[in-house]
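Computation of the quantities below employed the complete heavy-atom set of this structure, encompassing side-chain atoms and omitting hydrogens, waters and symmetry-equivalent molecules.
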Amino acid sequence: VVRPLKGVLMTSISNYILKSRNDYNEDYICKYINSEVAKKSIINHQIWMSVIENLNDGREQRVVPELFDETGWNSHPWATNIDFQSNRRYYVSSFCKSMNDIEMKKDYGECIYGYKDDRMAEILAPIMHWHKKDGTKAPAFAQVVAFDVIYDREEAKREIELLCNIIDCFSMSDEDKKRFLEEILQYWILSVKDPKWLHERERRYVLFMYDEY
């Protein structure tokens, strides 16, 4: 439960589960934008990210907390009364795994930018100054987390139960296990949405911003 091992464990465990969704990197992703935004992006070479509160789903970050309010599916007594209060600011860039989709064109724009691999995480990561112990600063990439969104509540429960099973294997106190889970759930809550959004087949890139960044 000490740095940097804790962070490495959190990232490894999370990626193991999140990157197992929907054959994560086996197909194309694309971004739908309108013609005006497309013209501007050609000139300035920019992709803008939205703060999470400005996305079009008014129920962002609500599905996973609702799952923890349900009983009978979580077998770990320590995984209760989870604190979902956000301690970061999130920015999101959303892509789609459905190419040339009529509904997506109607909702987001008729211009499509397509990508084959997962270099977007590197491209979107801003460069920050890392303050070293000797007082000097070094450039570093800020953290970007990438995953496919899922829309099935039962699937989400199975994933979280697996996550809890893995955490339960470590020699930690129940309180440390709960805190470990809470830190992972800080961004996990962004990865599950209501079934009404299923047609979007969203690939999501999330940038974490802290006050000191």
Side-chain angles (χ1 to χ4, degrees), residues 1-25 51-53 55 57-92 94 97 118 121 142-198 200-213:
V1 294
V2 297
R3 297 179 64 185
L5 179 57
K6 182 179 181 180
V8 173
L9 283 175
M10 288 176 58
T11 302
S12 300
I13 294 170
S14 301
N15 280 340
Y16 178 82
I17 300 176
L18 291 174
K19 296 293 175 68
S20 70
R21 293 176 175 176
N22 308 328
D23 296 323
Y24 175 78
N25 211 25
V51 67
I52 193 72
E53 289 79 9
L55 299 181
D57 182 4
R59 282 178 42 78
E60 283 285 351
Q61 306 181 73
R62 295 186 184 179
V63 178
V64 172
E66 287 174 357
L67 298 181
F68 277 87
D69 289 335
E70 299 179 15
T71 59
W73 65 272
N74 192 328
S75 61
H76 300 279
W78 52 265
T80 56
N81 300 317
I82 300 298
D83 181 6
F84 288 100
Q85 183 65 38
S86 176
N87 55 25
R88 307 177 179 93
R89 180 173 296 173
Y90 300 108
Y91 292 86
V92 174
S94 298
K97 300 186 77 174
D118 202 29
Q143 185 179 15
V144 176
V145 176
F147 46 75
D148 289 351
V149 174
I150 60 173
Y151 308 90
D152 186 301
R153 294 172 77 96
E154 296 306 312
E155 181 181 2
K157 289 178 184 178
R158 290 192 295 269
E159 278 193 352
I160 295 171
E161 181 73 0
L162 173 59
L163 174 60
C164 291
N165 288 342
I166 295 172
I167 295 173
D168 206 42
C169 291
F170 290 101
S171 180
M172 302 178 186
S173 68
D174 284 352
E175 190 59 35
D176 282 335
K177 290 175 183 177
K178 179 180 176 179
R179 281 197 293 264
F180 194 93
L181 175 64
E182 285 178 339
E183 292 190 45
I184 292 178
L185 291 177
Q186 279 281 307
Y187 54 86
W188 205 283
I189 61 175
L190 304 175
S191 76
V192 184
K193 298 180 67 173
D194 291 317
K196 64 175 286 187
W197 302 100
L198 175 61
E200 293 190 351
R201 299 187 64 213
E202 183 180 355
R203 164 74 58 78
R204 182 169 279 191
Y205 295 86
V206 180
L207 170 66
F208 293 170
M209 292 300 288
Y210 300 87
D211 290 340
E212 63 267 25
Y213 280 11

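Using a 4.5 Å heavy-atom threshold, the side chains of Lys196 and Arg59 count as separate. Between Asp168 and Trp78 the shortest side-chain heavy-atom distance falls below 4.5 Å. The shortest distance between side-chain heavy atoms of Arg153 and Asp194 falls below 4.5 Å. Contact check for Glu202 versus Asp57: no side-chain heavy atoms found under the 4.5 Å cut-off.
Every residue meeting the side-chain contact (heavy atoms from CB on, under 4.5 Å) condition with Ser86, not counting sequence neighbours, appears here in chain and number order: Tyr90, Gln186.
Nearest heavy atoms, Tyr151 versus Val149: CE1-O, 3.5 Å. Listed here is the closest heavy atom pair of Ala146 and Lys19: O-CE, 3.0 Å. The minimum heavy-atom distance linking Ile82 with Lys178 is given by the pair CD1-CG, 4.2 Å. Summarising the geometry of Phe170 relative to Ile13, their closest heavy-atom pair is CE1-CD1, 3.8 Å, with the distance given to 0.1 Å. When every heavy atom of Met10 is checked against every heavy atom of Tyr187, the shortest pair comes out as O-OH, 3.9 Å. Nearest heavy atom pair, residue Lys177 against residue Met172, reads CE-O, 3.4 Å.
A donor-acceptor contact shorter than 3.5 Å links the side chain of Trp73 to the backbone of Leu67. Of the possible polar contacts, one joining the Thr80 side chain to the Pro77 backbone as a donor-acceptor pair under 3.5 Å is found. A donor-acceptor pair is defined here as one N or O able to donate and one able to accept, closer than 3.5 Å; such a pair exists between the side chain of Ser20 and the backbone of Ile17.
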Exercise. Given Ser191 and Arg21, is the side-chain contact (heavy atoms from CB on, under 4.5 Å) satisfied, shown in steps?
Worked result: CA-CA 11 Å; Ser191 76; Arg21 293 176 175 176; 3.1 Å; yes
Exercise. What's the verdict on side-chain contact (heavy atoms from CB on, under 4.5 Å) for Ile189 and Arg62, showing C-alpha distance, side-chain angles and the deciding distance?
Worked result: CA-CA 7 Å; Ile189 61 175; Arg62 295 186 184 179; over 6 Å; no
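Leu181 CG to Ile160 CD1: the interatomic distance, rounded to the nearest 0.5 Å, is 8.0 Å. In this structure, CG in Asn87 is found 10.0 Å from CD in Glu182, a value given to the nearest 0.5 Å. Rounded to the nearest 0.5 Å, atoms CG (Leu190) and CG (Leu185) are 10.5 Å apart. For the atom pair Glu60 CD and Glu53 CD, the distance stands at 9.5 Å (nearest 0.5 Å). Here the straight-line distance linking atom CG of Asn74 with atom CG of Leu163 works out to 10.0 Å at 0.5 Å rounding. Rounded to the nearest 0.5 Å, atoms CZ (Arg88) and CD1 (Ile52) are 13.0 Å apart.
Using a 4.0 Å cut-off between a side-chain N of Lys or Arg and a carboxylate O of Asp or Glu, Glu175 and Arg179 qualify as a salt bridge.
Heavy-atom contacts from other residues, nucleotides or ligands closer than 6.0 Å to CG of Asp69 number more than 12. By the 6.0 Å contact criterion, CD on Gln85 is open, its count of non-hydrogen atoms from other residues, nucleotides or ligands being 12 or less.
Looking at Asp174 and His76, their side chains never bring a donor and an acceptor atom within 3.5 Å of each other.
In this structure, Phe68 has its ring center closer than 6.0 angstrom to the ring center of Phe84.
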